[in-house]
Amino acid sequence: MYRGGMPRTKGDHEARRRDVSAAVWQVMATRGFAGLTLRAVAAELGATTGLLTHYFPTKRALVEYALDLLEQRTVARPRRSTGPGLAALRDALLDILPLTPDATDSNRIWVASWDTALADPAIGADHARKYAESRARLAQRVAAAQALGELPPGDPDRIAAGAQSFVLGLVVQSLLDPDRFPPERQTELLDDHLAALTARLA
């Protein structure tokens with residue numbers, strides 16, 4: 001259970017939002033996205049559901065907030081930066097994989113949210129937007145690696161889409177079968193994928 005408790009000062013709105021955020025995150029991390037309910041968040045917070053309706057008048061509002069919180073935490077995670085070109089592309093793909101406990105929690109929550117995204121057109125469109133933005137960033141790194149002669153010529157968008165698809169598939173497999181796909185195995189498979197791309201230079 002989140003132990004922070006609600007702030008005693010009623011006017012301390014930001015502190016309350018921090019407590020609510022921590023409780024929402026803890027519920028998602030321990031129960032998955034499907035277990036995210038006002039009742040569960042209230043229990044984690046040690047508060048009433050009535051108090052939470054001040055922040056989330058509907059379940060959809062809670063879901064949208066949870067996804068925003070997930071995006072904020074994902075963006076705030078430290079990023080690898082080992083060099084330009086192909087190294088930068090590899091860094092970006094490694095940053096997606098569940099190689100650490102924090103990244104594993106984030107990926108578990110994100111994958112669990114797919115069911116909601118498939119059922120809600122607005123949330124689904126937002127997911128699609130985020131994937132498109134990620135592909136665009138990867139395509140920029142692909143183009144930079146091509147300019148340095150580290151990747152063969154080709155459509156950067158297509159190569160980025162293939163790399164994103166590969167990594168997302170690896171995310172799912174590692175979450176479902178972590179013993180078979182530990183971090184070192186994930187890294188090896190990613191390096192194999194990148195090696196196949198660079199092999200076309202020979």
Side-chain angles (χ1 to χ4, degrees), residues 1-80 92-120 122-131 133-134 167-184 186:
M1 175 180 289
Y2 172 66
R3 303 287 183 183
M6 299 298 289
R8 296 181 181 278
T9 304
K10 291 184 178 180
D12 194 353
H13 184 70
E14 284 307 310
R16 287 196 173 194
R17 286 196 69 85
R18 287 194 297 271
D19 284 347
V20 170
S21 296
V24 168
W25 183 259
Q26 186 63 25
V27 168
M28 289 193 295
T30 56
R31 305 190 187 191
F33 202 84
L36 182 65
T37 64
L38 285 172
R39 186 184 299 274
V41 174
E44 184 67 34
L45 196 59
T48 65
T49 54
L51 184 146
L52 284 181
T53 58
H54 173 73
Y55 298 95
F56 313 113
T58 64
K59 171 65 182 292
R60 194 174 193 281
L62 174 61
V63 167
E64 290 175 340
Y65 179 80
L67 289 173
D68 286 343
L69 179 62
L70 175 58
E71 185 171 21
Q72 291 168 23
R73 289 181 68 109
T74 300
V75 169
R77 279 209 322 257
R79 300 288 163 174
R80 294 169 178 81
L93 295 171
L94 286 172
D95 284 338
I96 296 172
L97 292 173
L99 302 177
T100 66
D102 187 48
T104 298
D105 284 345
S106 294
N107 273 291
R108 284 182 63 251
I109 294 164
W110 179 252
V111 170
S113 76
W114 289 350
D115 182 59
T116 300
L118 291 171
D120 187 310
I123 294 176
D126 190 56
H127 273 50
R129 173 189 61 79
K130 291 172 181 175
Y131 280 126
E133 291 174 350
S134 176
V167 168
L168 292 178
L170 186 52
V171 165
V172 173
Q173 293 190 79
S174 63
L175 292 177
L176 294 176
D177 195 353
D179 290 338
R180 184 166 295 180
F181 295 93
E184 59 273 16
Q186 295 176 54

Would you check if [X] and [Y] make a side-chain contact, meaning some heavy-atom pair closer than 4.5 Å?
X: Ile109; Y: Trp25; answer: yes
X: Leu67; Y: Ser113; answer: yes
X: Phe33; Y: Val111; answer: no

Looking only at heavy atoms, what is the nearest atom pair of [X] and [Y], with distance?
X: Ser21; Y: Leu69; answer: O-CD2, 3.4 Å
X: Pro98; Y: Val171; answer: CD-CG2, 3.9 Å
X: Gly50; Y: Thr53; answer: O-OG1, 2.6 Å
X: Ala117; Y: Ile123; answer: CA-CG2, 3.8 Å
X: Asp95; Y: Pro78; answer: OD1-O, 4.4 Å

Rounded to the nearest 0.5 Å, how far does [atom2] of [Y] lie from [atom1] of [X]?
X: Leu38; Y: Leu45; atom1: CG; atom2: CG; result: 11.5 Å
X: Leu94; Y: Gln186; atom1: CG; atom2: CD; result: 9.5 Å
X: Glu64; Y: Asp126; atom1: CD; atom2: CG; result: 8.5 Å
X: Leu93; Y: Arg80; atom1: CG; atom2: CZ; result: 10.5 Å
X: Trp110; Y: Leu168; atom1: CH2; atom2: CG; result: 10.0 Å
X: Leu62; Y: Thr58; atom1: CG; atom2: OG1; result: 8.5 Å

Over 12 non-hydrogen atoms of neighbours within 6.0 angstrom of CZ in Arg77: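 Enclosed.
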Would the number of heavy atoms belonging to other residues, nucleotides or ligands and lying under 6.0 Å from CZ of Arg180 be above 12?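 It does not: Arg180 CZ has 12 such atoms or fewer within range.
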Taking the six-membered ring for Trp, are Tyr65 and Tyr55 closer than 6.0 Å centroid to centroid?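 Not under 6.0 Å, so no.
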So does [Y] get a backbone contact from the side chain of [X], meaning a donor-acceptor N/O pair under 3.5 Å?
X: Ser134; Y: Lys130; answer: no
X: Asn107; Y: Ala103; answer: yes
X: Arg108; Y: Leu175; answer: no

I'd like to know if Asp120 and Arg60 make a salt bridge, using a cut-off of under 4.0 Å between side-chain N and carboxylate O.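 Yes, Asp120 and Arg60 are salt-bridged.
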